Amino acid sequence: PEVAPTSSSASGVWTLQEAAENQGAETWPDWETPVVASGGTITTVGDYKYHTFTSSSNFVVSDAGTSGAIEYLCLGGGGGGAGGNSGSSNSGAGGGGAGGFDDGTFTVTATTYTVTIGAGGGGGAANTDAASGNNTTISTISNVKAYGGGASRAPASANADGLAGGSGGGGSSEYGGTGGGVTLAGKGNVGGNGAQTTAGGGGGGAGSAGTTPAFIGSNNGGAGGTGLNWKSLGTFYAGGGGGGGRNAGASGGSSIGGNGSQPEYNQASTAGATNRGSGGGAGSSWDNSARSITQAGSAGSSGIVIIRYEV
């Protein structure tokens with residue numbers, strides 16, 4: 001017949017005598033239980049359950065479990081890129097700034113949390129400023145607010161500075177506008193400056209500042225700031241939009257920010273990648289004896305909220 005072990009063979013394994021003694025003394029271990037919640041698109045990867053919100057909705061916690069611990073990413077909508085100046089032989093607007101990148105931890109309770117997703121800002125038509133992105137929030141969780149990315153202004157504007165936001169919009173040309181600042185320190189980066197008369201700076205991204213064109217009079221826009229790879233899961237968020245330029249519209253940050261336009265080769269600007277909180281690419285213009293082209297800027301993309309917890 002089999003004999004019950006008299007000593008534990010591994011951590012967490014009890015002999016029959018130990019089990020009987022602990023049962024009698026009511027000293028059974030407290031097993032941890034996970035958070036139980038609904039809302040958003042739910043996936044389980046490895047040891048984590050993810051709730052992804054790409055539109056405004058509710059995160060409903062029915063059981064906070066043992067610890068109630070969650071991790072989150074809250075990303076504001078990206079700013080738009082302005083349009084080129086039809087009254088100029090060469091002009092380039094600044095790229096839109098990425099939405100603010102707010103991530104951290106929080107202890108939930110059994111209640112309903114309202115998730116509000118910020119839309120991206122619209123791009124500007126010819127001679128028109130773009131719009132900044134909108135804020136993303138998770139209600140009742142203090143200090144969780146990702147500001148929308150700053151827009152850029154049209155190159156023809158007397159004030160061609162980029163607007164402040166989660167990350168700043170790029171400065172536009174003509175007057176050599178300064179890149180926009182950051183609304184909340186540590187959640188984004190500044191936009192690049194515009195090159196006087198010809199090309200726009202890149203919008204700031206979560207990972208780095210927007211780039212300033214190489215020199216005054218450059219026909220190449222500045223690249224958008226890079227995004228960040230949240231939790232090293234392989235997806236980048238919050239890239240800045242590329243600045244516009246006659247010869248070369250710059251690339252958006254991390255291939256998720258919109259690209260700036262380049263009218264000499266008739267390449268239009270592009271929008272920020274969907275639900276990545278990225279800035280829109282900028283417009284630009286080119287005018288010579290053969291032809292005249294003025295291109296519009298493009299929209300920033302909406303933000304996102306991702307919540308995860310161990311299961």
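What you see is a predicted model; the values in this text were computed from it and never measured.
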**Request:** Describe, in one word, how the ring planes of Y50 and Y48 are oriented to each other, choosing from parallel (under 30°), tilted (30 to 60°) and perpendicular (over 60°).
**Result:** tilted

**Request:** Please state whether the rings of F53 and F59 are parallel, tilted or perpendicular, taking 30° and 60° as the class boundaries.
**Result:** perpendicular

**Residue pairs, two or more places apart or on separate chains, that pass salt bridge (charged side-chain N to carboxylate O under 4.0 Å, His left out) and touch residues 186-209** = D102-K187

Working to the nearest 0.5 Å, report the span between [atom1] of [X] and [atom2] of [Y].
{"X": "N266", "Y": "Q295", "atom1": "CG", "atom2": "CD", "answer": "6.0 Å"}
{"X": "I70", "Y": "F106", "atom1": "CD1", "atom2": "CZ", "answer": "7.0 Å"}
{"X": "S167", "Y": "N189", "atom1": "OG", "atom2": "CG", "answer": "5.5 Å"}

**Request:** Using a cut-off of 6.0 Å, state whether more than 12 heavy atoms not belonging to N159 lie near its atom CG.
**Result:** yes

**Request:** Apply side-chain contact (heavy atoms from CB on, under 4.5 Å) to the pair R153 and D161, showing each step before the final yes or no.
**Result:** CA-CA 7 Å; R153 291 185 170 110; D161 295 346; 3.9 Å; yes

**Fill in**
For K231 and R308, the nearest pair of non-hydrogen atoms, with its separation, is CD-NH2, 3.8 Å

Polar side-chain atom of [X] near backbone of [Y] as donor-acceptor pair, under 3.5 Å:
{"X": "S261", "Y": "A268", "value": "no"}
{"X": "S284", "Y": "G92", "value": "no"}
{"X": "N134", "Y": "A119", "value": "yes"}

**Request:** Pick out which of N275, I117, V305, T41 makes a side-chain contact (heavy atoms from CB on, under 4.5 Å) with T54.
**Result:** N275

